[in-house]
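Beneath this line is the structure, given in structure tokens, with notes to follow.
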Amino acid sequence: MSTPFVVAIDGPAGAGKSSVSKQLARNLDFALVDTGAIYRCVALAAREQGVPLDDDAELKRLLDTLTIAFEMSEEENHVFLDGRDVSQAIRTPENSLAASQVSSRPVVRAGLLGLQRRLGLSSPHGAILEGRDIGTVVFPDAQAKFFLEANPEIRARRRHRELLGKGVEKPFDEILAEQNRRDQDDREREVAPLKPAADAVVLDSSTMPLSQVVSTMENRIRQLMGTSKA
Ligand code: DC
């Protein structure tokens with residue numbers, strides 16, 4: 001039996017990874033694994049169970065008890081934590097901060113490797129995994145690797161617009177400053193820092209509409225699938 005085709009899409013927050021991954025998964029009929037949502041689930045479970053975000057022993061115990069699953073509906077990739085749909089609950093500002101904290105703990109990163117790999121290989125056809133370290137750590141042998149970036153102002157402007165769409169008014173400068181802090185944390189952490197894999201195709205969505213990013217990636221994936229079948 002041939003192994004599923006794994007696509008790694010890494011990059012900073014706000015570069016467009018989620019929109020692009022969703023569209024690609026739909027076009028290619030691939031599973032979609034949002035690894036940021038997995039870190040967010042761990043953060044939510046820790047907060048709900050009163051586990052301190054820097055207590056490695058307790059975090060490890062927690063990881064062993066969690067069940068995390070994805071289900072794609074028409075519009076959204078739903079995330080289930082122990083059978084409960086937490087797609088909204090994991091995206092609050094408090095939980096985003098907590099997710100960033102738990103994602104810097106080596107015990108959490110190591111504990112989530114198996115789950116991410118299992119989910120990536122669970123679809124017979126193929127899977128898109130989006131995150132920060134998919135091409136470098138989770139699937140260093142992924143058949144296709146992309147690193148999607150965009151300049152910080154453009155990413156913060158997208159986030160600003162997205163929040164306004166949800167009725168949340170937050171000053172642009174504050175969003176940009178928080179984003180810069182998160183970027184710095186992601187890039188400078190010791191374990192699995194955010195960086196392009198040596199063999200990743202780097203695309204910049206500041207200079208390219210997302211529809212073009214999708215078609216560029218899709219063409220490359222289809223080309224690689226064709227050659228990998230030979
Ligand atoms: O992509 P996101 O904003 O939903 O990710 C939530 C947090 O998890 C963010 O702080 C970065 C972190 N993360 C990570 O460290 N490694 C991944 N593969 C995915 C996300």
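When a residue number appears, it is its place in the shown sequence, counting from 1. We count ligands from 1, going down the list as the structure has it; atoms in each ligand are counted the same way.
The nearest protein atom to atom 6 (C) of ligand 1, hydrogens excluded, is given as R40 NE, 3.7 Å; this is a heavy-atom distance. The protein non-hydrogen atom at the shortest distance from atom 5 (O) of ligand 1 is G36 CA, 3.5 Å. Closest protein heavy atom to atom 3 (O) of ligand 1: R182 NH2, 2.8 Å. Here the heavy atom of the protein found nearest to atom 17 (C) of ligand 1 is R132 N, 3.4 Å. Scanning all protein heavy atoms for the shortest distance to atom 7 (C) of ligand 1 gives A99 CB, 4.1 Å. Nearest non-hydrogen protein atom to atom 19 (C) of ligand 1 is T35 OG1, 3.4 Å. Nearest protein neighbour of atom 10 (O) of ligand 1, counting heavy atoms only, is S100 CA, 3.3 Å.
V6 and L24 fall into different hydrophobic clusters, where Ile, Leu, Val, Met, Phe, Trp and Tyr are joined by side-chain heavy atoms under 4.5 Å apart, directly or via other members.
The residues E153 and R157 are annotated as not salt-bridged, no charged nitrogen and carboxylate oxygen being separated by less than 4.0 angstrom. Ion pairing between E48 and R84 holds under the 4.0 Å rule for side-chain N and carboxylate O.
A 6.0 Å sphere centred on CD of Q49 holds more than 12 heavy atoms belonging to other residues, nucleotides or ligands. In the displayed structure, K170 atom NZ is contacted under 6.0 Å by more than 12 heavy atoms of other residues, nucleotides or ligands.
At a 4.0 Å heavy-atom cut-off, ligand 1 does not touch A13 at all. Looking at R189 against ligand 1, only its side chain comes within 4.0 Å, counting heavy atoms.
Between the side chains of S96 and R91, no donor-acceptor pair is found at a separation under 3.5 Å. Counting only N and O atoms by type, the side chains of S205 and R158 include a donor and acceptor under 3.5 Å apart.
Cluster partners of L176, using a side-chain heavy-atom cutoff of under 4.5 Å among ILVMFWY residues and allowing indirect links, are F172.
For F30, the ring pair (Phe, Tyr, Trp, His ring centres under 6.0 Å) partners are H125, not counting sequence neighbours.
Using a non-hydrogen distance threshold of 4.0 Å, R109 registers as a contact of ligand 1. By the 4.0 Å heavy-atom criterion, K17 is excluded from the residues contacting ligand 1.
Put simply, CG on D133 and CZ on R189 are 6.5 Å apart, with the number rounded to the nearest 0.5 Å.
Here is the list of ligand 1 atoms found below 4.0 Å of a heavy atom in G131: 18 (N), 19 (C).
With atom 12 (C) of ligand 1 as the reference point, the heavy atom nearest to it among G14, S103, S18 is part of S103.
Checked by distance only, ligand 1 and Y39 stay at 3.5 Å or farther apart across all their nitrogen or oxygen atoms. The distance criterion of under 3.5 Å between nitrogen or oxygen atoms is not met by D34 with respect to ligand 1.
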